[in-house]
K.L.:
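Could you have a look at this structure, given as structure tokens, before my questions?
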Amino acid sequence: MADAYTDLGKTIEEYVNEAGKEIITVRQAYERAKKAYDAVERSEALGSEMRVKNEDMYLAGKNAMGEEKLDLVGHIACYDKIGALLKIPVPYLVRLGPDMRADNINYWLKKEGDRKFALGTRRSGDETTPNLVEFGEAKRQNIGFVDCLKVLYEKVGGSAQIIRTDSSLGHTQIDILIPDKRYDVGETYMAGIRFVHKRKFQAPEVSPIFLNEASCGIIECDDYLGPINIRDLSYDDILRVIGEKVENAVDSLEGLAYTMREVYGEEIPRMRKRIMHMYSEHGLPARVRATSLTCFDEYRLGTSAGEHGTTGELIDLITSSCFIAEIKPNSVRKLQRLAGYVVVKSHKEHRCNNCDAILIDEV
């Protein structure tokens, strides 16, 4: 299917399949992640207790005679995290031979003797295949994917559907639709939340989203909350903060849908100029602005509408532009958030009657 205004868009199946994924419920995602998490045995050790030998990780202890003995933990799965945590350049580390690499790592582990590290051992279940050990920072503030899914499962319900998971921009973004959140605002929208986990010591971003049933165009409404630092919070407090953000986003859907219904039919007398100004005002690249203006001109060609349009048509244009091949992935979310701004804020703006530029109210 496609948007009625721009003729752009995708079906839900196309939208999901283009990323090679499947629609799964939050319950299914949590159960899969929990199973993978439970398959790894976790422990902590000081740098002074760890030894690397022949590509394997050992923990040093004492035997009955007081002599050092080495207990095998497992085969080292990857050197990226070791290099990052010990500040050893990974390309250099990988190029070294096994003995020199082990000597290098052991030297820095000794230097970091009082520092605690996390070890995760994945059991192979086969005597001929070595266990794999992963190396990490021993800080529980590093909330994992399974922790986030646990909170989502509790707050939005197991039947909520994950329609898209994207890690292409260096962070994890999950779009979730809630089955009983469906609104007719002039067009039919399914609603849910977008969960974005970006920074190690900041609580994830959680925003309300609306997905157009006809085109899969997405509106993301900003939660207008600043980033919350979780560095010094306990594990339980971190989960509480994330849970509250999810609850706030879900609770806001009803009010946002009401606002959208109110503004959807509002007239925009100079829509082309509105597009030009809004894209500049919100920091979108000039090429994105030019692409959307071309889209506007093409679909207005041969009609009597001219520059006249409605807020709903502006939202459709912005969200449908995300499906144009020339729009790069890092601009897609900016457009979706701009559509959210149009829903929440644009009808309150004061603009010039002649040029449509925004007027800043005098303080």
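These numbers were taken from a predicted model, which means no experiment stands behind them.
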K.L.:
Give me the one residue out of Ile163, Thr165, Ile193, Leu211 that meets side-chain contact (heavy atoms from CB on, under 4.5 Å) with Asp175.
P.N.:
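Per the side-chain contact (heavy atoms from CB on, under 4.5 Å) rule, the option paired with Asp175 is Ile163, out of Ile163, Thr165, Ile193, Leu211.
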K.L.:
Whether Lys53 and Asp56 form a salt bridge (side-chain N of Lys/Arg under 4.0 Å from carboxylate O of Asp/Glu) is what I want to check.
P.N.:
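Here Asp56 does not pair with Lys53 in a salt bridge, since their nearest N and O are not under 4.0 Å apart.
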K.L.:
Return yes if some donor-acceptor pair links the side-chain N/O of Arg101 with the main-chain N/O of Leu93 below 3.5 Å, else return no.
P.N.:
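Yes, because the side chain of Arg101 sits within donor-acceptor range (under 3.5 Å) of the backbone of Leu93.
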K.L.:
Which pair of heavy atoms, one from Ser320 and one from Leu8, lies closest together, and at what distance?
P.N.:
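Distance-wise, the nearest heavy atoms are O-CD1, 3.6 Å.
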K.L.:
Identify the two heavy atoms, one from Val288 and one from Ser331, that lie closest to each other, and give their separation to 0.1 Å.
P.N.:
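Taking Val288 first and Ser331 second, the nearest heavy atoms are CG2-OG, 3.7 Å.
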K.L.:
Decide whether Tyr153 and Glu31 meet the rule of one side-chain donor and one side-chain acceptor closer than 3.5 Å.
P.N.:
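Note: Tyr153 and Glu31 side chains miss the donor-acceptor criterion.
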K.L.:
One thing to verify: whether Glu281 and Arg351 come together as a salt bridge, which I'm taking to mean a side-chain N less than 4.0 angstrom from a carboxylate O.
P.N.:
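Judged by the 4.0 Å cut-off on N to carboxylate O distance, Arg351 and Glu281 do form a salt bridge.
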K.L.:
In the single-linkage hydrophobic clustering (I, L, V, M, F, W, Y; side-chain heavy atoms under 4.5 Å), do Tyr258 and Val344 co-cluster?
P.N.:
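Different hydrophobic clusters.
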K.L.:
If every non-hydrogen atom of Glu205 is compared with every non-hydrogen atom of Lys245, which pair is closest and at what distance?
P.N.:
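Shortest heavy-atom separation between Glu205 and Lys245 comes out as CA-CE, 4.4 Å.
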K.L.:
Nearest heavy-atom pair of Leu253 and Phe210: which atoms, and what distance?
P.N.:
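For Leu253 and Phe210, the tightest heavy-atom pair comes out as O-CZ, 3.7 Å.
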K.L.:
Search all heavy atoms of Leu149 against all heavy atoms of Ala29 and return the closest pair with its distance.
P.N.:
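For Leu149 versus Ala29, the nearest heavy atoms are CD1-O, 3.6 Å.
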K.L.:
Val263, Tyr183: one ILVMFWY side-chain cluster at the under-4.5 Å cut-off?
P.N.:
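No, because Val263 and Tyr183 fall into different hydrophobic clusters, even though each may have its own neighbours under 4.5 Å.
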K.L.:
I need the single residue from Lys334, Arg337, Arg333 that forms a salt bridge (Lys or Arg N to Asp or Glu O under 4.0 Å) with Asp222. Which is it?
P.N.:
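Among the candidates, only Arg337 passes.
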K.L.:
What I'd like to find out is whether the side chain of Ile219 reaches to under 4.5 Å of the side chain of Tyr189, using heavy atoms alone.
P.N.:
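Yes. Closest side-chain heavy atoms under 4.5 Å.
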K.L.:
Can you list the other members of the hydrophobic cluster that holds Val90, where links are side-chain heavy atoms under 4.5 angstrom apart?
P.N.:
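Noted: Val90 shares its cluster with Val94.
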